[in-house]
Amino acid sequence: MNTKNAGHHNTAMRRTIMGFIVSQTVCAVSRVGIPDLLAHGPRDVAGLAEASGTDPGALARFLRVLAAEEILVEVEPGVYALSPTGELLRGDIPGSLRHFTELMSAEAYTVWGAAEESLRGGGPAFPSVFGLPYFEWLAVRPEAAERFDRSQAGLVELRLLPLLEWDWPGACSVVDVGGGDGALLRRLLDDHPHLSATLLDLPHVVGNAEEDGIARVGGNFLEEVPAGADVYVLSQILHDWDDTDALSVLRACREAMPAHGRLLVVEQVLRGGGGPDPALLLDLHMLVLLGGRERDRREWESLFERGGFILTSVRTGPRSTLLEALPEG
């Protein structure tokens with residue numbers, strides 16, 4: 001390797017190793033409200049520092065990193081604006097990633113300090129760091145659970161596009177399996193108000209009240225799912241689990257589903273072929289956090305078959321893929 005190439009590769013590798021500094025810069029600047037302060041146009045560092053309660057010198061250094069990452073634009077020396085990418089950090093826009101940054105800078109960040117445990121053992125690192133599996137840990141920490149729900153709600157807009165574009169042929173009822181606080185169903189009912197909607201999740205997640213026409217059922221989807229609906233939706237649920245538990249979810253849905261029922265799974269599908277792919281990063285995060293995984297199309301087909309379903313169509317959107325399956329037999 002010649003000296004020129006060695007320098008290039010050294011710089012690229014150091015930037016990769018230090019990538020967590022970029023992500024944590026995004027999180028810190030978001031937490032002090034800079035993206036919202038820039039919502040209406042460029043502002044200088046002094047004004048931003050005063051409005052956000054930050055040190056002007058430190059803020060200038062944080063902002064120049066985000067400008068170098070094309071999250072901000074330095075329109076003139078010391079004056080910054082949001083780039084189109086940076087707009088996603090505002091809290092007042094559909095599809096905001098603000099709450100996602102909060103999630104990824106909290107326990108989801110801390111657990112990666114123990115990633116070697118997952119590498120060596122093949123399971124989640126979260127229990128050894130925090131003392132409980134992730135969802136059990138959330139169940140006794142309302143503030144963290146609320147942060148998780150907020151982050152998922154912010155991801156719904158783009159994630160749901162393939163689901164919203166499905167034509168819902170003759171469907172009158174839908175069960176959202178593991179639907180959290182109901183953000184998906186509320187968005188779905190905006191476009192399809194004729195649907196009778198049921199939300200299933202753990203009792204402490206769903207509560208008891210019916211809101212916005214959504215019936216809430218507390219239960220464990222690894223064991224039982226409300227019966228008789230036309231459509232069952234699993235949105236970013238199966239990737240939380242290894243194949244054994246994912247099959248338990250699918251079989252519970254199959255047992256609850258009438259012969260005419262349909263299963264709609266919103267997930268990532270690993271595309272293969274090399275090159276950067278956010279789904280590959282998510283795959284590792286699911287392993288370290290939960291022991292789950294992302295899957296390619298062949299793996300999805302196999303999982304559905306073993307769970308009692310036949311994969312009938314795959315529709316790819318900008319943020320997720322909709323996998324439609326019918327009950328076998």
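Because only heavy atoms are used, hydrogens play no part in the values below, and waters and symmetry mates are left out as well, while side chains stay in.
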Notebook entry, point to check: Can we say Glu324 and Arg262 salt-bridge, meaning some charged N sits less than 4.0 Å from an Asp/Glu carboxylate O?
Noted result: yes
Notebook entry, point to check: Can Glu328 and Arg254 be counted as an ion pair, charged N to O under 4.0 angstrom?
Noted result: no
Note to self: What I'd like to find out is whether the side chain of Leu138 reaches to under 4.5 Å of the side chain of Glu107, using heavy atoms alone.
What the structure shows: yes
Check: With a cut-off of 6.0 Å (strictly less than), are more than 12 heavy atoms of other residues, nucleotides or ligands near NE2 of His194?
Finding: yes
Check: Taking side chain as C-beta onward, heavy atoms only, is Leu200 less than 4.5 Å from Val225?
Finding: yes
Checklist line | Straight-line distance of Ser320 OG to Leu322 CG, nearest 0.5 Å | finding: 7.5 Å
Note to self: Under 4.5 Å between side-chain heavy atoms, counting indirect links through other Ile/Leu/Val/Met/Phe/Trp/Tyr residues: same cluster for Leu303 and Leu264 or not?
What the structure shows: no
Notebook entry, point to check: Are any of the side-chain heavy atoms of Glu74 and Arg64 separated by less than 4.5 Å?
Noted result: no
Margin query: Membership question, hydrophobic clusters at under 4.5 Å side-chain separation (ILVMFWY): are Leu185 and Val177 in the same one?
Written below: no
Notebook entry, point to check: Is the shortest side-chain N to carboxylate O distance from Glu267 to Arg297 below 4.0 Å?
Noted result: no
Note to self: Any salt bridge linking Arg98 with Asp36? Criterion: basic side-chain nitrogen under 4.0 Å from a carboxylate oxygen.
What the structure shows: yes
Notebook entry, point to check: CZ of Arg159 to CG of Leu164: how many Å apart, nearest 0.5 Å?
Noted result: 12.5 Å
Checklist line | Contact check, side chains of Pro124 and Pro133, non-hydrogen atoms, under 4.5 Å | finding: no
Check: Quick one: CZ on Arg187 to CG on Leu160, what's the gap to the nearest 0.5 Å?
Finding: 7.5 Å
Next item on the list: Just do the side chain to side chain donor-acceptor pair (under 3.5 Å) check on Glu70 and Ser83 with the steps written out, would you?
Entry: CA-CA 7 Å; Glu70 300 183 346; Ser83 71; over 6 Å; no
Check: Are more than 12 heavy atoms from other residues, nucleotides or ligands located less than 6.0 Å from atom CD of Glu116?
Finding: no
Note to self: So that I can tick it off, tell me whether Arg150 and Asp181 are bridged by a salt bridge, with the cut-off set at under 4.0 angstrom between side-chain N and carboxylate O.
What the structure shows: no
Notebook entry, point to check: Are side-chain heavy atoms of Tyr134 and Val111 found at a separation under 4.5 Å?
Noted result: no
Notebook entry, point to check: Honestly curious: do Val174 and Val249 fall in one hydrophobic cluster under the side-chain, below-4.5 Å linking rule?
Noted result: no
Next item on the list: Kindly give the cluster partners of Leu82, where membership spreads through any ILVMFWY side chain lying under 4.5 Å from a current member.
Entry: Val26, Val29, Val32, Ile34, Leu37, Leu38, Val45, Leu48, Leu59, Phe62, Leu63, Leu66, Ile71, Leu72, Tyr80, Leu89
Check: At what distance, to the nearest 0.5 angstrom, does OG1 of Thr85 lie from CG of Leu97?
Finding: 10.0 Å
Check: Which hydrophobic side chains are connected to Met18, either touching it within the sub-4.5 Å cutoff or through other members that do?
Finding: Phe20, Ile21, Tyr109
Margin query: Would you say that more than 12 heavy atoms from the other residues, nucleotides or ligands in this model lie under 6.0 Å from the CD of Glu255, or not?
Written below: no
Item checked: Atom CZ of Arg15 with >12 non-hydrogen neighbours under 6.0 angstrom -> no
Next item on the list: Kindly indicate whether the side chain of Leu270, heavy atoms from C-beta on, has any atom under 4.5 Å from the side chain of Leu280.
Entry: yes
Item checked: Hphob cluster co-occupancy, Val231 + Leu163, side-chain heavy atoms under 4.5 angstrom -> yes
Note to self: Looking at Arg295 and Asp283, is any side-chain nitrogen of the basic one under 4.0 Å from a carboxylate oxygen of the acidic one?
What the structure shows: no
Note to self: Looking at Asp242 and Arg293, is there a salt bridge between them, counting it only when a charged N and a carboxylate O are closer than 4.0 Å?
What the structure shows: no
Margin query: Starting from Val266, can I reach Leu238 by hopping between I/L/V/M/F/W/Y residues whose side chains sit under 4.5 Å apart?
Written below: no
Notebook entry, point to check: Phe126 vs Phe130 aromatic rings, parallel, tilted or perpendicular, using cut-offs 30° and 60°?
Noted result: parallel
Next item on the list: Please determine, by modelled atom types, if Ser105 and Arg31 share a side-chain donor-acceptor pair under 3.5 angstrom.
Entry: yes
Check: Is Trp168 close to Leu188 at the side-chain level, that is, under 4.5 Å between some pair of heavy atoms?
Finding: yes
Note to self: Quick check: do Asn10 and Arg14 have side-chain heavy atoms less than 4.5 Å from each other?
What the structure shows: yes
Note to self: Let me confirm one number: the CG-CG distance from Leu234 to Asp240, rounded to the nearest 0.5 Å.
What the structure shows: 10.5 Å
Next item on the list: Using a strict 4.0 Å threshold on nitrogen-to-oxygen distance, state whether Arg90 and Glu87 make a salt bridge.
Entry: yes
Item checked: Spacing of Glu305 atom CD and Trp300 atom CH2 [to the nearest 0.5 Å] -> 15.0 Å
Notebook entry, point to check: Looking at residues at least two apart in the chain, or sitting in another chain, which of them share a side chain to side chain contact (heavy atoms under 4.5 Å, CB included) with His204?
Noted result: Ala139, Leu202
